[in-house]
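Hydrogens, waters and symmetry mates play no part in the numbers below; they use all other heavy atoms, side chains included. Chain A is the first sequence line, chain B the second, and so forth, proteins listed ahead of strands; every chain is numbered from 1.
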Amino acid sequence: MTGPILAVSGLSLRSGPDRTVVSDVSFEVAAGESLGLVGESGSGKSLTLRAILGVLPVGITRTGGSIVTPARVAMIFQEPLSAMSPSMRAGELVAEAVRASNRRMPLAAARRRALELLGEVGIADPERVRTRYPHQLSGGLRQRVMIAAALATDPEVLLCDEPTTALDVTIQAQIMDLLDRLRTERGMAMVFVSHDLAVVAALCQRIAVMKEGRIVESGPTAEIVAHPTAPYSIELVRSARAKAGAIRDAAAETPSEDWLVVDDLTVRFPGARRRDTVTAVDAVSFRVPRGGSVGIVGESGSGKSTIARAMVGLVRPGSGGILLDGRPYRATSRGEARRIQMVFQDPMSSLNPRRRIRSVLTEVLRAHGARSAAELETRVIELMDMVRLPHDLLDRFPRSLSGGQRQRVSIARALAVEPDVVILDESIAALDVSVQAQVLALLNDLKQSLGLTLLFISHDLGAVRALCDEVVVMSRGRIVERGMVDEVLRNPSHPYTRLLIESEPELPAVSGV
Amino acid sequence: MRVARFLGIRLLQAIPLLIATSALSFLLLRLAPGDPAKILAGPRASEEVVAKLRTSMGLDEPIPVQYWKYLQRVFAGDLGKNLNGNADVADIISRGVGVTGLLAVVAIIITILVAIPVALAAARRPGGPLDNSIRVASVASIAVPGFWIGLMLIAFVALPTKWFPVGGWPDDSSRQFNAILLPAITLAIGIIPVLTRSLRSAFIDVLGAEYVTAARSLGIPGGRLIRRFVLRNAAVPAIPVLAFLIGFVVGGSVVIESTFNLPGLGQTLVQAALTRDANVLQALTLVLGTSVVAIYVIADVAVSLTDPRVSLT
């Protein structure tokens, strides 16, 4: 065993004049080895990667520590769509990268090399992909192209900044396989940053857990997963397992009535020409009993969000409709609109940045029947208690809240009008794992105390298992499988469901935790 | 092919627009005070002479009939003669188009050549000393009127150095560029800040974009990074601004051509307006309208060629 090829010691970073964002971070990586950095957003893991590469964002300065890197280091990014120039064809990007590390290579040779690399990252038809622009490629293909560009520099260390987070779970599994294969074949070292302990555990030999800019614990993967010692690592392992294991009340009473019925719903999005029309939701029907909860799972593009949008009247169904309590539900009628509410994926963009939390909530209360100032205030306080937020947040703006707090505000806003049904559209996907667990617990409580009917849209099977009684699996606008959650997950009948379950990263089973 | 189809559709769409423009300008000219027949006949002419002249010019017919006859002539390719009847409108305009066109092209080229590096320098450090100085200079150069800058250039550049004529338009085409340079600089000074502002914010966005970080992390050298990754993406929001500025330059040429005594469309327009020369004014409206439509169509095509995500429909 040779010495480390990447050594970070005592790295400290500062944001602005005085805020320390990374403090005293040290680790080493040997050739061919893989190290995982786990932690929630803001824990400084991405900044650490950027410091290694020397591409720190404006306003972040290094205040201490040393970094020893080999000559060739490359990085792949969380969101390949924003990491690729929108006006450059995929093949050109890779060719640019080839020429960057070999400046005398003629363009034609660089293009040939680019084509080889696109093949090496498992792209089935590199000839076609290389002429495509980023927006014409799927998320998985984009990430493969970025990996090809990174390989073009023949890196000794590959830095991975949440490269699978933005991908569907089945694609995530493919990219993880690819990275693992490339690392072994090329003897590359890898530093893999993620908020998802299960992903890191599957890919990395060693793990370092980061919190608030520090490494709180590090060691071999098996050891950290089996016997975490730092409080934060313990919490991380526990939330990862809680999501994976079914710890729901099995004693949910049997549903008696069909409270919410989606009946033969079809939504089409017309294109410029007739043949461009996309059928996003194709004759979908399902029923939810009062107080029940149904999860809708499927990859992006499978039509699950479109169902939600049709239910709250954001898109017009082509045919079919929604029945609530036996009567047709029209989201656009003023008196009715309150009965189905939706919580969106990204609370940052669904909360008005220029309004304080108080006015976010009172606005909705007023829109659904004006009340006196005193009444508004009482109701606002009630709502904050319901979602367990301290009252002093009422006078803050959304940007000064954490992601979890913001999503609680969104939930409070949905609850403000006393809805019968709440639709959660990927509402926890953008949150850190430990925060996800808290929000899931909150939703479970609210469901029981308020008798809410929940429709939970997610690509995360673990979260669905934790919250829902039944599950509907969608693919390409159609329902391919449905049933009780435990039943479907234990015994998937449709191949797509099986793929979804297999792709889900899981912590290695360890006894005694 | 895609582009050709788009161009075809847009040109067809332009026809009703141009007809409407010409109808409006025709109507406004007839409603405006001032009788072309009286102006042509001179102040001392008798009522009788004026009336005869009016009949011969067709001014006594109802306005719709006049317009209809005018349209027929235009579609036959005949823009008519000027008020004095001594020159073809087509000739008058084509002489002016050359001068104004050259003026506009040179002004826009200067603007682009200056705005790109200045905006890039400002965007490197937003809020930094350089950015602030550029902002102050921009405000100053917008605030100062064009004719004054023109006069200053004549007084402090043209006269002392004798490199440039102080005004007028040489017949010798090799000296025409010299004659156009100072007016073009004058025009450019007024619009450089506008393009710089929009390019600056585009550059700030692009330089901060993840794909530039990613490209840098791949070791792509600085010059290539700017050319291949930054300029192209920053051009997308700047192209429509540029299209607007070209229209602005053509409008602004009225003042500048007067200052430098250039025989361009601006001068022609002023002359024709003063003498109520309907045929010339009408034809100018058509020419300017057509060029504005053409510029915006070209800008649309340019955007779609630059940014593959934009499709032409």
Side-chain angles (χ1 to χ4, degrees), chain A residues 46 49-50 52-59 71-90 92-103 131-137 142 145-155 158-159 161 163 271-273 276, chain B residues 1-2 5-6 9 120-131 200-239 301-313:
Chain A
S46 291
L49 284 197
R50 277 160 204 254
I52 296 174
L53 203 57
V55 290
L56 281 172
V58 178
R72 298 185 309 275
V73 183
M75 177 151 157
I76 55 175
F77 295 79
Q78 171 164 8
E79 186 38 89
L81 185 60
S82 52
M84 297 170 81
S85 166
S87 60
M88 188 176 278
R89 295 176 197 273
E92 289 304 298
L93 175 69
V94 181
E96 285 288 337
V98 170
R99 295 233 286 175
S101 53
N102 193 343
R103 295 197 187 168
T131 61
R132 293 297 143 114
Y133 289 103
H135 72 281
Q136 297 167 323
L137 297 170
R142 282 181 207 134
V145 171
M146 281 309 288
I147 294 173
L151 293 183
T153 64
D154 196 17
L158 184 63
L159 308 174
D161 186 7
R273 284 158 298 183
D276 292 341
Chain B
M1 187 53 230
R2 203 169 47 100
R5 205 181 104 93
F6 172 77
I9 292 172
L120 200 51
R124 292 262 174 180
R125 230 167 234 287
L130 192 58
D131 186 30
R200 173 189 170 272
S201 57
F203 279 140
I204 290 176
D205 286 351
V206 173
L207 287 174
E210 186 97 312
Y211 55 81
V212 169
T213 309
R216 206 172 272 156
S217 83
L218 290 170
I220 289 164
R224 251 191 121 60
L225 190 76
I226 296 288
R227 276 201 310 282
R228 299 273 286 152
F229 289 81
V230 176
L231 279 185
R232 187 165 176 168
N233 290 308
V236 175
I239 289 172
V301 173
V303 166
S304 88
L305 292 181
T306 319
D307 185 345
R309 289 169 299 179
V310 178
S311 61
L312 295 170
T313 41

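A:Leu56 meets the side chain to side chain contact (heavy atoms under 4.5 Å, CB included) test with A:Leu13, A:Leu47, A:Arg50, A:Ala51, A:Ile60; sequence neighbours excluded.
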Determine all donor-acceptor pairs shorter than 3.5 Å in which one atom belongs to a side chain in residues 223-235 of chain B; sequence neighbours excluded.
unit_1	atom_1	unit_2	atom_2	d
B:Arg224	NE	A:Glu96	OE1	2.8
B:Arg224	NE	A:Glu96	OE2	3.4
B:Arg224	NH2	A:Glu96	OE2	2.8
B:Arg228	NE	A:Glu96	OE2	2.6
B:Arg228	NH2	A:Glu92	OE1	3.2
B:Arg228	NH2	A:Glu96	OE2	3.2
B:Arg232	NE	B:Thr306	O	3.3
B:Arg232	NH2	B:Leu305	O	3.1
B:Arg232	NH2	B:Thr306	O	3.3
B:Asn233	OD1	A:Ser87	OG	2.9
B:Asn233	ND2	A:Ser85	OG	2.8
B:Asn233	ND2	B:Phe229	O	2.7

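Taking OH of A:Tyr133 as the start and CZ of B:Arg309 as the end, the distance is 11.5 Å to the nearest 0.5 Å. Residue B:Ile220 holds its CD1 atom at 9.5 Å from CZ of A:Arg103, rounded to the nearest 0.5 Å.
Of all the listed residues (B:Ala214, B:Gly208, B:Ala215), the one sharing the greatest number of non-hydrogen pairs under 4.5 Å with chain A is B:Ala214. Ranked by heavy-atom pairs under 4.5 Å with chain A, the list B:Ala209, B:Gly219, B:Pro221, B:Pro308 is led by B:Pro308.
Interface remark: A:Arg99 contributes side-chain atoms only to the contact with chain B (heavy atom separation under 4.5 Å). Contact annotation for A:Ile76: neither backbone nor side-chain heavy atoms come within less than 4.5 Å of a heavy atom of chain B. Contacts of A:Met88 with chain B are made by side-chain atoms alone, with heavy-atom separations under 4.5 Å and no backbone atom involved.
Nearest heavy atoms, B:Val212 versus B:Val206: CG2-O, 3.1 Å.
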